[in-house]
**Q** 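I am attaching a structure below and will ask some questions about it afterwards.
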Amino acid sequence: MPGEIKLHDSWKTPLKGEFEAPYMQALRNFLVGEREKGKRIFPASSLWFHALDATPLPDVRAVILGQDPYHGPGQAHGLCFSVRPGVRPPPSLVNIYKEMESDCGITRANHGHLEHWARQGVLLLNSVLTVESGAAASHRGKGWEQFTDAIVRLVAEKEEPVVFLLWGSYAQKKAAFVESVEQGAKGEGRHCVLKAPHPSPLSAHNGFFGCRHFSKANAFLEAQGREPIDWALPAEG
């Protein structure tokens with residue numbers, strides 16, 4: 001991977017085997033080849049691991065899983081569902097804001113930049129970390145999924161309780177192995193797994209609206225003696 005990539009030290013050691021694995025070398029070769037063909041790749045390479053750089057492993061309190069980065073210019077910056085400051089919030093994020101407002105009384109933000117969540121321990125992880133400009137899902141099946149599976153496993157192995165907010169069947173399948181408090185055999189599960197349809201306009205009315213995941217996540221964290229998440233985003237110009 002290019003040398004300018006940023007990755008918090010807490011992830012480097014546990015992921016060392018993944019970076020050295022053959023599938024990662026194949027992924028590296030693919031990305032280099034795409035660049036040599038003149039294709040634009042989003043986000044910038046320095047932001048491919050931004051979710052891991054912004055949220056160190058020991059700090060993770062909640063996980064939200066996405067699929068692919070946004071493929072429009074100026075949108076993706078390495079956090080799922082989030083866009084850069086000044087970029088209009090995409091429809092799924094608008095629906096997330098609507099549910100937050102209904103659930104917690106939080107006024108909808110005037111932007112789509114979710115860095116405030118990431119800095120509090122909300123791991124905003126896409127399953128695939130790169131995409132070709134204008135070509136949705138163009139980097140699926142190239143190796144990123146195996147790498148991000150390893151990340152989810154690392155979080156699931158944490159002793160501290162974590163909330164997994166799984167929106168849509170894709171996210172639910174990716175984290176299907178995570179044992180929740182309710183489903184853990186003989187009470188061994190320690191995490192909270194919240195499931196709902198995807199916030200996309202195509203599915204949000206099928207159960208995402210009204211899921212109350214934001215208040216449920218904080219209620220679980222507080223019950224476990226952990227700090228709740230401040231879901232309210234600071235205003236940006």
Side-chain angles (χ1 to χ4, degrees), residues 1-12 14-57 63-93 96 111-115 117-119 122-152 154-155 167-168 170-171 173-175 198-200 236:
M1 297 295 174
E4 71 269 22
I5 281 174
K6 298 176 184 177
L7 177 65
H8 192 273
D9 287 345
S10 64
W11 295 99
K12 287 181 180 177
L15 290 173
K16 187 174 185 291
E18 303 300 320
F19 280 109
E20 296 174 350
Y23 81 86
M24 188 59 83
Q25 181 61 52
L27 173 59
R28 184 181 293 111
N29 293 341
F30 165 74
L31 292 169
V32 169
E34 292 296 279
R35 279 183 162 182
E36 289 175 348
K37 294 175 185 175
K39 295 183 179 181
R40 294 182 68 190
I41 296 175
F42 296 138
S45 59
S46 61
L47 296 172
W48 289 353
F49 301 103
H50 185 51
L52 304 183
D53 196 49
T55 310
L57 179 56
V63 178
I64 297 176
L65 297 178
Q67 294 186 39
D68 303 275
Y70 297 118
H71 56 83
Q75 290 182 304
H77 68 110
L79 304 180
C80 73
F81 291 106
S82 181
V83 290
R84 291 179 177 275
V87 177
R88 185 177 180 179
S92 291
L93 185 53
I96 289 171
H111 60 87
H113 192 223
L114 304 182
E115 195 85 18
W117 293 359
R119 298 296 176 184
V122 181
L123 182 62
L124 298 168
L125 182 68
N126 275 316
S127 178
V128 176
L129 301 187
T130 58
V131 70
E132 180 186 341
S133 174
S138 51
H139 290 185
R140 289 187 188 176
K142 304 298 183 181
W144 280 129
E145 293 92 342
Q146 187 171 340
F147 179 75
T148 53
D149 281 350
I151 294 168
V152 176
L154 283 174
V155 176
W167 301 332
Y170 188 93
K173 289 176 183 175
K174 188 171 185 68
H198 195 276
S200 160
E236 296 190 351

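None of these values were measured; they are calculated from a predicted model.
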**Q** Please say which of I64, V122, V83, L93 ends up in a side chain to side chain contact (heavy atoms under 4.5 Å, CB included) with L114.
**A** L93

**Q** Counting only N and O atoms by type, is there a donor-acceptor contact under 3.5 Å from the side chain of Q75 to the main-chain atoms of G72?
**A** yes

**Q** Indicate whether any N or O donor in one side chain lies under 3.5 Å from an N or O acceptor in the other, for K174 and T148.
**A** yes

**Q** Going by side-chain hydrogen bond (donor to acceptor under 3.5 Å, both in side chains), name the residues that satisfy it together with D68, two or more places apart in sequence or in a different chain.
**A** R140

**Q** Can you find a side-chain donor-acceptor pair between H198 and S200 that sits under 3.5 Å?
**A** no

**Q** Looking only at atom types and distance, does a side-chain atom of T55 sit under 3.5 Å from a main-chain N or O of A118, one as donor and one as acceptor?
**A** yes

**Q** Could you report the tightest heavy-atom contact between I41 and L31, atom names first, then the distance?
**A** CD1-O, 3.9 Å

**Q** Answer with yes or no whether the side chains of W144 and S127 bring together a donor and an acceptor at under 3.5 Å.
**A** no

**Q** Name all residues meeting the salt bridge (Lys or Arg N to Asp or Glu O under 4.0 Å) criterion together with R40; count only those two or more places apart in sequence or in a different chain, and write none if there are none.
**A** none

**Q** More than 12 foreign heavy atoms under 6.0 Å from NZ of K12: is that the case here?
**A** yes

**Q** Would you call the rings of H50 and H77 parallel, tilted or perpendicular if under 30° counts as parallel and over 60° as perpendicular?
**A** tilted

**Q** With no hydrogens and no angle check, is any side-chain donor or acceptor of E145 less than 3.5 Å from a backbone partner on G141?
**A** yes

**Q** Where do E18 and Q146 come nearest, in terms of heavy atoms and distance?
**A** OE1-O, 4.4 Å

**Q** Hey, could you give me the CH2/CG distance between W11 and L154, rounded to the nearest 0.5 Å?
**A** 6.0 Å

**Q** Would you say the ring centers of F81 and H113 fall short of 6.0 Å from each other?
**A** no

**Q** Taking ring-ring contact (aromatic ring centres under 6.0 Å, His included) as the definition, give me every residue that meets it alongside H139, ordered by chain and number, with sequence neighbours left out.
**A** F30

**Q** Are F147 and Y23, when compared by the centres of their aromatic rings, separated by less than 6.0 Å?
**A** no

**Q** Taking atom CG of L52 and atom CG of D9, what is their separation to the nearest 0.5 Å?
**A** 12.0 Å

